[in-house]
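Down below is the structure, laid out as C-alpha coordinates.
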Amino acid sequence: MDLLAADTGMGAVTLRVADLDRMIGYYREGVGLSLLSNEGGVAVLGRGTTPIVVLEHAPSMRHAGAHEAGLFHTAILFDTKADLAAALYSVATKYPQTFTGSADHLVSNAFYFTDPEGNGVELYWDRDRTEWSWTHGMVDMATIALDPNEFLREHLTQDALDGAGARPGRVGHVHLSVGDVAGAKEFYVDKLGFATTAGWGEALFVSAGGYHHHMAMNTWNSRGAGRRRLALGLGLVRIEVPGADDLGALIARMHDTGVQTADDGRTVAFEDPWANRIEVTAPDRG
(Lines give C-alpha, C1' and ligand atoms only; values in the text may rest on other atoms or scores of the structure.)
Protein backbone atom coordinates (compact mmCIF):
# COMPACT_ATOMS: atom_id res chain seq x y z
CA MET A 1 0.00 0.00 0.00
CA ASP A 2 3.05 2.27 0.28
CA LEU A 3 3.92 1.89 -3.40
CA LEU A 4 2.09 2.74 -6.60
CA ALA A 5 0.58 -0.27 -8.38
CA ALA A 6 2.91 -2.19 -10.67
CA ASP A 7 0.83 -1.38 -13.78
CA THR A 8 0.98 2.38 -13.20
CA GLY A 9 1.81 4.39 -16.32
CA MET A 10 2.00 7.94 -17.59
CA GLY A 11 -0.72 9.85 -19.41
CA ALA A 12 -0.67 12.82 -21.75
CA VAL A 13 1.40 15.87 -20.79
CA THR A 14 -0.26 19.28 -21.02
CA LEU A 15 1.79 22.22 -22.30
CA ARG A 16 0.73 25.86 -22.22
CA VAL A 17 1.76 27.40 -25.53
CA ALA A 18 1.89 30.89 -27.03
CA ASP A 19 1.53 29.91 -30.72
CA LEU A 20 -0.93 27.03 -30.95
CA ASP A 21 -0.76 26.58 -34.75
CA ARG A 22 3.03 26.49 -34.75
CA MET A 23 3.14 23.96 -31.95
CA ILE A 24 0.49 21.75 -33.57
CA GLY A 25 2.63 21.82 -36.71
CA TYR A 26 5.73 20.73 -34.83
CA TYR A 27 4.15 17.79 -33.06
CA ARG A 28 2.03 16.77 -36.06
CA GLU A 29 4.33 17.34 -39.04
CA GLY A 30 7.60 16.94 -37.17
CA VAL A 31 7.20 14.35 -34.43
CA GLY A 32 4.50 12.59 -36.46
CA LEU A 33 1.62 12.63 -33.99
CA SER A 34 -2.01 12.68 -35.15
CA LEU A 35 -4.28 15.59 -34.27
CA LEU A 36 -7.00 13.88 -32.23
CA SER A 37 -8.99 17.03 -31.44
CA ASN A 38 -8.68 20.82 -31.64
CA GLU A 39 -11.42 22.80 -29.92
CA GLY A 40 -11.61 25.93 -27.80
CA GLY A 41 -7.91 26.62 -27.87
CA VAL A 42 -6.97 23.09 -26.75
CA ALA A 43 -5.36 20.63 -29.17
CA VAL A 44 -4.80 16.97 -28.34
CA LEU A 45 -2.19 15.02 -30.30
CA GLY A 46 -1.24 11.38 -30.05
CA ARG A 47 -0.57 8.10 -31.80
CA GLY A 48 -3.43 5.79 -32.66
CA THR A 49 -6.12 6.79 -30.17
CA THR A 50 -3.68 7.46 -27.31
CA PRO A 51 -3.24 11.13 -26.35
CA ILE A 52 0.38 12.12 -25.81
CA VAL A 53 0.51 15.92 -25.79
CA VAL A 54 -2.25 18.38 -24.91
CA LEU A 55 -1.55 21.94 -26.10
CA GLU A 56 -3.40 24.74 -24.31
CA HIS A 57 -3.34 28.13 -26.03
CA ALA A 58 -2.18 30.76 -23.51
CA PRO A 59 -0.95 33.72 -25.60
CA SER A 60 -1.01 36.17 -22.69
CA MET A 61 1.49 34.16 -20.62
CA ARG A 62 5.24 34.62 -20.64
CA HIS A 63 7.97 32.03 -20.88
CA ALA A 64 9.48 30.82 -17.64
CA GLY A 65 13.08 31.70 -16.79
CA ALA A 66 15.88 29.37 -17.86
CA HIS A 67 16.62 28.26 -14.29
CA GLU A 68 13.08 27.78 -13.00
CA ALA A 69 11.48 24.45 -12.14
CA GLY A 70 9.20 22.81 -14.69
CA LEU A 71 9.48 20.38 -17.59
CA PHE A 72 12.84 18.95 -18.63
CA HIS A 73 11.31 16.72 -21.29
CA THR A 74 8.30 14.65 -22.28
CA ALA A 75 9.51 11.20 -23.38
CA ILE A 76 7.48 9.46 -26.10
CA LEU A 77 7.90 5.68 -26.17
CA PHE A 78 7.71 3.76 -29.47
CA ASP A 79 7.04 0.04 -29.73
CA THR A 80 9.60 -0.68 -32.46
CA LYS A 81 12.88 0.71 -33.70
CA ALA A 82 11.23 1.29 -37.09
CA ASP A 83 8.56 3.49 -35.50
CA LEU A 84 11.21 5.43 -33.60
CA ALA A 85 13.27 5.82 -36.76
CA ALA A 86 10.25 7.19 -38.65
CA ALA A 87 9.65 9.83 -35.97
CA LEU A 88 13.35 10.68 -35.80
CA TYR A 89 13.54 11.06 -39.58
CA SER A 90 10.44 13.24 -39.70
CA VAL A 91 11.41 15.73 -37.01
CA ALA A 92 15.10 15.80 -37.97
CA THR A 93 14.34 16.58 -41.62
CA LYS A 94 11.49 19.06 -41.06
CA TYR A 95 12.80 20.74 -37.89
CA PRO A 96 16.55 19.93 -37.91
CA GLN A 97 17.42 22.89 -35.69
CA THR A 98 15.46 21.32 -32.81
CA PHE A 99 17.71 18.23 -32.51
CA THR A 100 19.83 18.35 -29.34
CA GLY A 101 21.41 14.89 -28.99
CA SER A 102 21.10 11.13 -28.76
CA ALA A 103 22.23 8.29 -26.51
CA ASP A 104 22.16 4.57 -25.88
CA HIS A 105 21.12 4.32 -22.21
CA LEU A 106 21.55 0.51 -22.04
CA VAL A 107 17.83 0.13 -21.29
CA SER A 108 16.81 2.27 -24.28
CA ASN A 109 17.80 4.20 -27.39
CA ALA A 110 16.90 7.88 -27.13
CA PHE A 111 16.90 10.99 -29.32
CA TYR A 112 16.41 14.46 -27.90
CA PHE A 113 14.82 17.63 -29.25
CA THR A 114 13.56 21.00 -28.06
CA ASP A 115 10.21 22.12 -29.50
CA PRO A 116 9.74 25.66 -30.89
CA GLU A 117 8.75 27.03 -27.47
CA GLY A 118 11.61 25.45 -25.54
CA ASN A 119 9.95 22.30 -24.18
CA GLY A 120 12.19 19.24 -24.16
CA VAL A 121 11.14 16.15 -26.14
CA GLU A 122 12.63 12.67 -25.98
CA LEU A 123 11.79 10.01 -28.57
CA TYR A 124 12.84 6.54 -27.45
CA TRP A 125 12.57 2.75 -27.74
CA ASP A 126 13.07 0.29 -24.88
CA ARG A 127 15.13 -2.85 -24.97
CA ASP A 128 13.29 -5.87 -23.61
CA ARG A 129 13.29 -5.99 -19.81
CA THR A 130 15.19 -9.28 -19.93
CA GLU A 131 18.16 -7.28 -21.29
CA TRP A 132 18.20 -4.74 -18.45
CA SER A 133 20.73 -5.19 -15.65
CA TRP A 134 20.14 -4.35 -11.99
CA THR A 135 22.71 -3.82 -9.24
CA HIS A 136 21.56 -3.69 -5.60
CA GLY A 137 18.04 -2.81 -6.72
CA MET A 138 19.14 -0.02 -9.07
CA VAL A 139 18.85 -0.31 -12.85
CA ASP A 140 22.08 0.04 -14.81
CA MET A 141 21.86 3.02 -17.17
CA ALA A 142 24.55 4.95 -19.01
CA THR A 143 24.97 7.59 -21.70
CA ILE A 144 26.72 6.02 -24.68
CA ALA A 145 27.14 7.68 -28.09
CA LEU A 146 24.39 6.77 -30.55
CA ASP A 147 24.74 7.88 -34.18
CA PRO A 148 21.33 9.05 -35.45
CA ASN A 149 22.29 8.62 -39.10
CA GLU A 150 23.41 5.04 -38.53
CA PHE A 151 20.21 4.36 -36.58
CA LEU A 152 18.16 5.62 -39.54
CA ARG A 153 20.13 3.55 -42.05
CA GLU A 154 19.52 0.40 -40.01
CA HIS A 155 15.90 0.86 -38.95
CA LEU A 156 13.97 3.32 -41.14
CA THR A 157 11.23 1.66 -43.24
CA GLN A 158 8.70 3.07 -45.66
CA ASP A 159 5.93 1.19 -43.88
CA ALA A 160 6.67 2.98 -40.61
CA LEU A 161 6.81 6.34 -42.40
CA ASP A 162 3.49 5.75 -44.15
CA GLY A 163 1.56 4.82 -41.01
CA ALA A 164 3.34 7.01 -38.47
CA GLY A 165 0.48 8.70 -36.60
CA ALA A 166 -1.73 5.60 -36.58
CA ARG A 167 0.90 3.31 -35.05
CA PRO A 168 1.21 2.70 -31.27
CA GLY A 169 3.02 5.13 -29.00
CA ARG A 170 2.57 6.70 -25.59
CA VAL A 171 4.21 8.83 -22.93
CA GLY A 172 6.83 6.53 -21.44
CA HIS A 173 8.18 8.90 -18.83
CA VAL A 174 8.26 12.54 -17.79
CA HIS A 175 11.44 14.29 -16.67
CA LEU A 176 11.17 17.41 -14.51
CA SER A 177 13.47 20.23 -13.48
CA VAL A 178 13.28 20.72 -9.71
CA GLY A 179 15.01 22.72 -6.99
CA ASP A 180 16.64 19.87 -5.09
CA VAL A 181 16.90 16.09 -5.41
CA ALA A 182 16.31 15.34 -1.72
CA GLY A 183 12.98 17.19 -1.83
CA ALA A 184 12.06 15.32 -5.00
CA LYS A 185 12.75 11.98 -3.35
CA GLU A 186 10.73 12.92 -0.29
CA PHE A 187 7.73 13.82 -2.45
CA TYR A 188 7.81 11.33 -5.33
CA VAL A 189 9.09 8.30 -3.40
CA ASP A 190 8.15 8.77 0.26
CA LYS A 191 4.75 10.36 -0.38
CA LEU A 192 3.57 9.58 -3.93
CA GLY A 193 4.81 6.00 -3.84
CA PHE A 194 7.25 5.52 -6.69
CA ALA A 195 10.36 3.40 -6.08
CA THR A 196 13.85 4.77 -6.70
CA THR A 197 15.53 3.04 -9.64
CA ALA A 198 18.63 5.18 -10.21
CA GLY A 199 20.42 8.27 -8.99
CA TRP A 200 23.03 10.21 -10.91
CA GLY A 201 24.26 12.92 -8.54
CA GLU A 202 21.88 15.75 -9.35
CA ALA A 203 19.23 13.47 -10.87
CA LEU A 204 16.72 10.98 -9.46
CA PHE A 205 14.88 8.27 -11.42
CA VAL A 206 11.73 6.62 -10.07
CA SER A 207 9.20 4.08 -11.28
CA ALA A 208 6.41 1.64 -10.51
CA GLY A 209 6.53 -2.07 -11.21
CA GLY A 210 10.23 -2.32 -12.00
CA TYR A 211 10.25 -0.04 -15.04
CA HIS A 212 13.54 1.83 -15.53
CA HIS A 213 11.75 5.13 -14.83
CA HIS A 214 8.30 6.62 -15.18
CA MET A 215 9.53 9.96 -13.85
CA ALA A 216 12.86 11.67 -13.31
CA MET A 217 13.84 14.91 -11.62
CA ASN A 218 17.08 16.85 -11.97
CA THR A 219 18.66 20.11 -10.83
CA TRP A 220 21.03 20.49 -13.80
CA ASN A 221 19.53 23.85 -14.76
CA SER A 222 17.31 24.57 -11.75
CA ARG A 223 19.29 24.01 -8.55
CA GLY A 224 17.68 25.98 -5.73
CA ALA A 225 14.55 26.83 -7.72
CA GLY A 226 11.43 27.62 -5.73
CA ARG A 227 7.76 27.27 -6.61
CA ARG A 228 6.90 28.01 -10.22
CA ARG A 229 4.95 31.06 -11.27
CA LEU A 230 2.18 30.66 -13.83
CA ALA A 231 3.93 30.61 -17.19
CA LEU A 232 4.15 28.93 -20.58
CA GLY A 233 5.50 25.40 -20.57
CA LEU A 234 4.40 22.55 -18.36
CA GLY A 235 0.75 22.68 -17.41
CA LEU A 236 0.02 19.18 -16.15
CA VAL A 237 1.57 15.73 -15.69
CA ARG A 238 -0.84 12.79 -15.74
CA ILE A 239 -0.31 9.47 -13.98
CA GLU A 240 -2.62 6.51 -14.62
CA VAL A 241 -3.13 3.80 -11.98
CA PRO A 242 -4.86 0.51 -12.82
CA GLY A 243 -7.99 0.75 -10.66
CA ALA A 244 -10.11 2.68 -8.19
CA ASP A 245 -8.64 0.78 -5.22
CA ASP A 246 -5.15 1.86 -6.28
CA LEU A 247 -6.32 5.45 -6.49
CA GLY A 248 -7.97 5.17 -3.09
CA ALA A 249 -4.71 3.91 -1.58
CA LEU A 250 -2.89 6.86 -3.12
CA ILE A 251 -5.41 9.35 -1.73
CA ALA A 252 -5.04 7.87 1.74
CA ARG A 253 -1.25 7.94 1.52
CA MET A 254 -1.19 11.57 0.37
CA HIS A 255 -3.56 12.52 3.20
CA ASP A 256 -1.42 10.71 5.75
CA THR A 257 1.72 12.50 4.54
CA GLY A 258 0.11 15.95 4.55
CA VAL A 259 -0.24 16.54 0.80
CA GLN A 260 -3.31 18.57 -0.11
CA THR A 261 -5.36 16.99 -2.90
CA ALA A 262 -8.39 17.95 -4.97
CA ASP A 263 -10.77 15.16 -5.97
CA ASP A 264 -13.53 15.75 -8.55
CA GLY A 265 -14.71 12.13 -8.57
CA ARG A 266 -12.69 11.23 -11.66
CA THR A 267 -9.19 12.55 -10.99
CA VAL A 268 -7.11 13.39 -7.96
CA ALA A 269 -4.89 16.46 -8.36
CA PHE A 270 -2.06 17.91 -6.30
CA GLU A 271 1.17 19.87 -6.67
CA ASP A 272 4.75 18.89 -5.96
CA PRO A 273 6.98 21.27 -3.92
CA TRP A 274 7.75 23.32 -7.06
CA ALA A 275 4.09 23.75 -8.10
CA ASN A 276 4.29 21.18 -10.88
CA ARG A 277 0.68 19.98 -11.13
CA ILE A 278 0.02 16.23 -11.10
CA GLU A 279 -3.29 14.49 -11.86
CA VAL A 280 -3.88 10.81 -11.18
CA THR A 281 -6.71 8.83 -12.78
CA ALA A 282 -8.02 5.26 -12.78
CA PRO A 283 -10.00 3.87 -15.73
CA ASP A 284 -12.80 2.33 -13.64
CA ARG A 285 -13.44 5.36 -11.42
CA GLY A 286 -16.21 7.89 -11.93
Side-chain angles (χ1 to χ4, degrees), residues 3-11 13 52 69-85 87-88 99-114 119-148 150-152 154-155 169-190 192-223 234 237 239 272 276:
L3 292 174
L4 289 168
D7 292 336
T8 296
M10 305 305 294
V13 171
I52 291 176
L71 182 69
F72 191 72
H73 61 235
T74 300
I76 303 172
L77 176 61
F78 297 84
D79 282 1
T80 69
K81 286 186 175 181
D83 289 342
L84 173 57
L88 170 63
F99 177 73
T100 58
S102 55
D104 182 335
H105 291 306
L106 299 181
V107 295
S108 63
N109 290 164
F111 300 90
Y112 297 93
F113 300 84
T114 301
N119 302 292
V121 181
E122 176 184 341
L123 310 178
Y124 78 111
W125 163 85
D126 275 339
R127 288 189 170 87
D128 190 84
R129 290 194 183 204
T130 59
E131 299 181 50
W132 303 355
S133 295
W134 296 78
T135 304
H136 304 302
M138 300 291 106
V139 68
D140 295 332
M141 294 193 292
T143 299
I144 301 168
L146 177 62
D147 185 338
E150 183 177 346
F151 187 88
L152 289 174
E154 292 182 2
H155 304 295
R170 59 193 182 279
V171 176
H173 64 268
V174 178
H175 197 145
L176 301 177
S177 295
V178 299
D180 69 279
V181 170
K185 183 178 184 297
E186 180 183 7
F187 183 82
Y188 285 98
V189 176
D190 299 339
L192 183 50
F194 281 116
T196 300
T197 54
W200 294 351
E202 295 186 55
L204 173 72
F205 299 81
V206 302
S207 84
Y211 189 54
H212 54 73
H213 66 295
H214 285 110
M215 295 193 72
M217 307 90 203
N218 76 68
T219 60
W220 297 328
N221 301 317
S222 55
R223 184 186 303 173
L234 180 63
V237 174
I239 299 172
D272 76 3
N276 295 307

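For this chain, numbers begin at 1 and follow the sequence in order.
Glu122 is not listed as a side-chain neighbour of Thr74, based on a closest heavy-atom distance of 4.5 Å or more. Taking 4.5 Å as the limit, some side-chain heavy atom of Met215 sits within range of a side-chain heavy atom of Ile239. Within the 4.5 Å cutoff, side-chain heavy atoms of Leu88 are placed close to those of Pro148. Side chains of Val174 and Leu234 form no contact here, defined as non-hydrogen atoms less than 4.5 Å apart. Here the side chains of Val178 and Phe72 are not in contact, with every heavy-atom distance at 4.5 Å or above. Between Val206 and Met217, some side-chain heavy-atom pair lies under the 4.5 Å cut-off.
Residues meeting the salt bridge (charged side-chain N to carboxylate O under 4.0 Å, His left out) test with Asp104, sequence neighbours left out: Arg127. Scanning for side chain to side chain contact (heavy atoms under 4.5 Å, CB included) contacts around Val181 gives Leu204, Thr219, with sequence neighbours left out. A search for ring pair (Phe, Tyr, Trp, His ring centres under 6.0 Å) contacts involving Phe111 returns Phe151, not counting sequence neighbours. The side chain to side chain contact (heavy atoms under 4.5 Å, CB included) test applied to Ala69 returns Ala225, Arg228, Trp274, not counting sequence neighbours. In terms of the side chain to side chain donor-acceptor pair (under 3.5 Å) criterion, Asn221 has no residue partners (sequence neighbours excluded). Partners of Asp126 by side chain to side chain contact (heavy atoms under 4.5 Å, CB included), not counting sequence neighbours, listed by chain and number: Leu77, Ser108, Tyr124, Trp132, Tyr211, His212. Applying the side chain to side chain donor-acceptor pair (under 3.5 Å) criterion to Asn109, with sequence neighbours excluded, gives no partner residue. For His175, the side chain to side chain donor-acceptor pair (under 3.5 Å) partners are Asn218, not counting sequence neighbours. Shown here are the side chain to side chain contact (heavy atoms under 4.5 Å, CB included) partners of Ala208, two or more places apart in sequence or in another chain: Leu4, Thr8, Phe194, His214.
To the nearest 0.5 Å, atom CZ of residue Phe113 and atom CG of residue Leu123 are 5.0 Å apart.
The two residues Ala203 and Trp220 have their closest heavy-atom pair at CB-CZ2, 3.6 Å. The minimum heavy-atom distance between Trp134 and Gly210, with the atom names listed, is CZ2-O, 3.3 Å. Annotation for Gly120 and Leu71: closest pair O-CD2, 4.3 Å, computed over non-hydrogen atoms. Shown here for Leu152 and Ala85, the closest heavy-atom pair between the two residues is CD2-O, 3.3 Å.
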Identify every side-chain donor-acceptor pair in residues 136-147 under 3.5 Å, counting partners at least two apart or on other chains, and give the distances.
from	atom 1	to	atom 2	distance (Å)
Asp140	OD1	Thr135	OG1	3.1
Asp140	OD2	Thr135	OG1	3.3
Asp147	OD1	Asn149	N	2.9
Asp147	OD1	Glu150	N	3.4

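Using cut-offs of 30° and 60° for the angle between ring planes, the His105 and Tyr112 rings count as perpendicular.
In terms of modelled atom types and a separation under 3.5 Å, the side chain of Asp180 and the main chain of Gly183 share a donor-acceptor contact.
Legend: salt bridge (Lys or Arg N to Asp or Glu O under 4.0 Å) pairs involving residues 206-219, not counting sequence neighbours: none detected. Screening residues 192-207 for salt bridge (Lys or Arg N to Asp or Glu O under 4.0 Å) gives Glu202-Arg223 as the qualifying pairs, with residues at least two apart or on separate chains.
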